[in-house]
Number of protein chains: 2
Amino acid sequence: MTDAKPTTTTASAGGVESVDRALSIVGCFQAGDHALSLTEIAARTGLYKSTILRLTVSLEKAGYLVRHQDKSYRLGPELMRLGGLYQRSLRLEDHVRPVLRQLMRETGESASFFRREGAWRICAFREDSTQAIRDHVHEGDRLPLDRGAAGHVLTRFAGQGSAADFAALPLLSFGERESETGAAAVPVFSQRDGLIGALTLSGPLTRFTGERVAVMAPLLLAAGSRLSETLGGHYPDQPSPCA
Amino acid sequence: MTDAKPTTTTASAGGVESVDRALSIVGCFQAGDHALSLTEIAARTGLYKSTILRLTVSLEKAGYLVRHQDKSYRLGPELMRLGGLYQRSLRLEDHVRPVLRQLMRETGESASFFRREGAWRICAFREDSTQAIRDHVHEGDRLPLDRGAAGHVLTRFAGQGSAADFAALPLLSFGERESETGAAAVPVFSQRDGLIGALTLSGPLTRFTGERVAVMAPLLLAAGSRLSETLGGHYPDQPSPCA
DNA sequence: AAACACGGTTCTATCTAACAGAACTTTTGC
DNA sequence: GCAAAAGTTCTGTTAGATAGAACCGTGTTT
């Protein structure tokens with residue numbers, strides 16, 4: 001074994017060890033990586049090169065990795081195709097995307113929709129602000145659930161939320177995850193699934209002053225309420241049209 | 001073995017069989033699938049349920065699948081994160097996206113950037129037309145290389161292209177891949193890699209008349225040339241600024 | 001020109017991980 | 001309530017996967 005240890009283990013968790021290893025190869029790619037050498041992958045995963053060579057043949061066949069002539073490995077296009085399948089399997093884009101676009105137009109800040117997945121929140125949809133200074137989150141990014149306005153919404157409204165919870169909306173954060181980023185978020189409900197996500201505005205702290213938040217808040221609340229209604233859910237004091 | 005046979009085989013191709021199997025589980029999800037049952041996955045992959053149950057534990061741990069309380073499986077968020085990593089690893093978005101947006105604004109049709117990956121072409125970036133009637137391709141989609149204007153560009157200009165090839169631009173297609181879709185495409189070059197992709201306009205045949213194509217052609221050619229220059233490549237008769 | 005370092009590739013003895021598929025349990029539909 | 005279908009558990013067998021040494025090719029240094 002080379003000096004780094006694989007982070008995955010099947011000892012107590014079930015699963016198939018060689019699948020774990022293969023996916024750890026894919027998972028060792030990071031933002032900013034253009035390509036990785038065999039040696040670099042070995043260093044990052046702790047797997048023997050001979051093991052990697054065999055595992056990567058399967059990954060290449062499936063389109064998860066591409067090997068180039070200089071022997072380097074790059075992530076492959078099948079990941080993007082599957083990522084799009086995942087995003088569309090949520091069946092939310094037609095509802096969420098227009099609302100994000102409008103919020104971005106109205107407020108000038110980046111508008112995102114986060115979903116909870118286990119102990120994380122996933123940026124499922126995003127419309128970046130057109131301003132040069134903005135926070136950088138990408139669709140697909142996985143962020144911690146215990147930090148940021150969206151994380152607080154996804155935690156606090158998991159059980160539908162009380163009147164006091166709603167009265168506190170939008171939930172705000174100042175530099176919790178990224179020291180210079182502010183955010184405001186509200187919940188989104190559907191009829192079938194209850195809380196399905198958090199609608200969020202985010203940007204640099206300098207643009208999240210009290211005055212600016214006072215302007216954004218009613219727009220965000222209205223958008224969250226309207227989107228919930230579109231999906232068959234509703235905020236309190238606004239009965240569902242189906243009720 | 002259940003009645004369907006797995007499509008992947010390692011008999012002559014190398015690789016690790018259980019990794020092939022695991023990835024065939026992920027790969028059996030199709031557009032329109034919201035969730036799949038264990039039985040449905042077994043039918044699509046030809047794997048025993050007991051085998052699937054073990055393989056999916058690894059896939060769930062890695063975030064590629066999510067198992068819900070009703071026992072169904074859905075694609076997981078890690079795919080979207082990795083898909084985004086792949087897209088950004090191309091290091092093209094900052095150059096390509098603005099050009100696609102402008103082309104879409106100027107022409108009203110969907111603008112895409114396709115890359116070749118083996119025997120396929122991948123839609124790496126896309127700006128959908130805002131018109132209600134438009135063709136439906138998504139970023140990440142994999143399309144055949146031997147059909148469509150973009151496919152012809154990626155084939156014909158692989159070796160830089162001759163003067164006659166450039167004179168024929170933009171390459172056109174009418175209902176080759178989708179019977180009601182028209183497309184026009186030009187190549188994009190970079191200094192380091194030569195042909196890196198095809199810039200494409202596409203839409204319903206009814207909007208790809210001779211007159212309409214005559215309007216689009218110079219806009220598309222200018223965009224392809226400009227984008228190539230931005231990336232250090234160039235079209236003939238337009239020497240590289242670095243030369 | 002020779003030696004060395006590094007990255008990538010091949011090979012194989014060993015062992016255990018993975019599978020097939022039966023049996024069992026739970027859920028669903030009639 | 002019962003049958004069918006879906007999901008889950010179990011285990012004997014063996015073939016597949018690994019560890020890691022040996023080898024090869026390329027680039028650098030002396």
Side-chain angles (χ1 to χ4, degrees), chain A residues 1-26 28-29 33-62 64-74 192, chain B residues 1-29 33-62 64-74:
Chain A
M1 185 72 78
T2 54
D3 55 1
K5 290 288 192 207
T7 54
T8 57
T9 175
T10 56
S12 59
V16 174
E17 183 156 11
S18 48
V19 175
D20 291 341
R21 290 172 169 203
L23 301 186
S24 78
I25 293 171
V26 178
C28 79
F29 281 77
D33 289 335
H34 181 47
L36 295 180
S37 66
L38 174 63
T39 300
E40 179 63 23
I41 291 174
R44 292 189 186 190
T45 61
L47 298 168
Y48 280 101
K49 292 176 185 171
S50 53
T51 300
I52 293 169
L53 280 168
R54 195 151 185 239
L55 292 164
T56 54
V57 168
S58 293
L59 294 168
E60 288 169 61
K61 275 191 294 177
Y64 285 54
L65 290 184
V66 175
R67 195 160 201 207
H68 285 253
Q69 279 187 332
D70 65 354
K71 308 306 178 71
S72 65
Y73 292 93
R74 304 178 196 183
R192 195 183 68 170
Chain B
M1 185 71 81
T2 54
D3 55 0
K5 290 289 191 206
T7 53
T8 57
T9 175
T10 57
S12 58
V16 174
E17 184 158 8
S18 48
V19 176
D20 291 341
R21 289 171 170 204
L23 302 186
S24 77
I25 292 171
V26 178
C28 79
F29 282 76
D33 290 334
H34 180 49
L36 295 180
S37 65
L38 175 62
T39 300
E40 179 63 24
I41 292 175
R44 292 189 186 190
T45 61
L47 298 168
Y48 280 101
K49 291 177 186 171
S50 52
T51 301
I52 292 168
L53 281 169
R54 194 153 184 239
L55 293 165
T56 54
V57 169
S58 293
L59 293 167
E60 288 169 61
K61 274 190 294 176
Y64 285 54
L65 290 183
V66 175
R67 196 160 198 206
H68 286 253
Q69 280 187 331
D70 65 354
K71 308 307 179 69
S72 66
Y73 292 93
R74 303 178 196 183

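Below, read A as the first sequence line, B as the second, and so on, with proteins coming before strands; counting in each chain starts at 1.
Nucleotide D:dG7 holds its C1' atom 14 Å from the CD atom of B:Glu60, rounded to whole Å. To the nearest angstrom, C1' of D:dA17 lies 15 Å from CG of A:Leu59. Atoms CD1 (B:Ile52) and C1' (D:dT9) sit 15 Å apart, rounded to a whole Å. Rounded to an integer number of Å, the gap from A:Asp20 CG to D:dA17 P is 14 Å. Summarising the geometry, the separation between CG on B:Leu47 and P on C:dC19 is reported as 8 Å, rounded to the nearest angstrom.
A:Leu23 approaches B:Ala62 most closely through the heavy-atom pair CD1-CB, 3.5 Å. Residues A:Leu59 and A:Ala22 share a closest heavy-atom pair of CD1-O, 3.6 Å. When all heavy atoms are compared, the tightest approach of A:Gly15 to B:Val57 is N-CG1, 3.5 Å. Scanning all heavy atoms of the two residues, the minimum distance from B:Ser58 to A:Asp20 falls at OG-OD1, 2.9 Å.
When the side-chain nitrogen and oxygen atoms of B:Arg54 are compared with OP1 and OP2 of D:dC10, none of them lie within a distance under 4.0 Å. For A:Arg21, no side-chain nitrogen or oxygen approaches OP1 or OP2 of D:dA17 to under 4.0 Å. Residue A:Ser18 has a polar side-chain atom (N or O) positioned under 4.0 Å from OP1 or OP2 of C:dA18.
Side chains of B:Ser18 and A:Ser18: a donor on one and an acceptor on the other come within 3.5 Å.
Remark: B:Leu36 engages B:Cys28, B:Phe29, B:Asp33, B:Glu40, B:Ile41, B:Arg44 in a side-chain contact (heavy atoms from CB on, under 4.5 Å) (not counting sequence neighbours). By the side-chain contact (heavy atoms from CB on, under 4.5 Å) test, B:Ser72 pairs with B:Ala35, B:His68, B:Asp70, B:Arg74, sequence neighbours left out. For B:Tyr64, the side chain to side chain donor-acceptor pair (under 3.5 Å) criterion is met by no residue, not counting sequence neighbours.
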N/O contacts under 3.5 Å, protein versus nucleotides 7-13 of chain C?
| unit_1 | atom_1 | unit_2 | atom_2 | d |
| --- | --- | --- | --- | --- |
| C:dG8 | OP2 | A:Leu38 | N | 3.4 |
| C:dG8 | OP2 | A:Thr39 | N | 2.8 |
| C:dG8 | OP2 | A:Thr39 | OG1 | 2.6 |
| C:dG8 | N7 | A:Lys49 | NZ | 3.4 |
| C:dT9 | OP1 | A:Arg67 | NH1 | 3.4 |
| C:dT9 | OP1 | A:Lys71 | NZ | 3.3 |
| C:dT9 | OP2 | A:Arg67 | NH1 | 3.0 |
| C:dT9 | OP2 | A:Arg67 | NH2 | 2.9 |

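In the helix from C:dA1-D:dT30 to C:dC30-D:dG1, the rotation axis of the first five pairs and that of the last five pairs differ in direction by 40°, rounded to 10 degrees.
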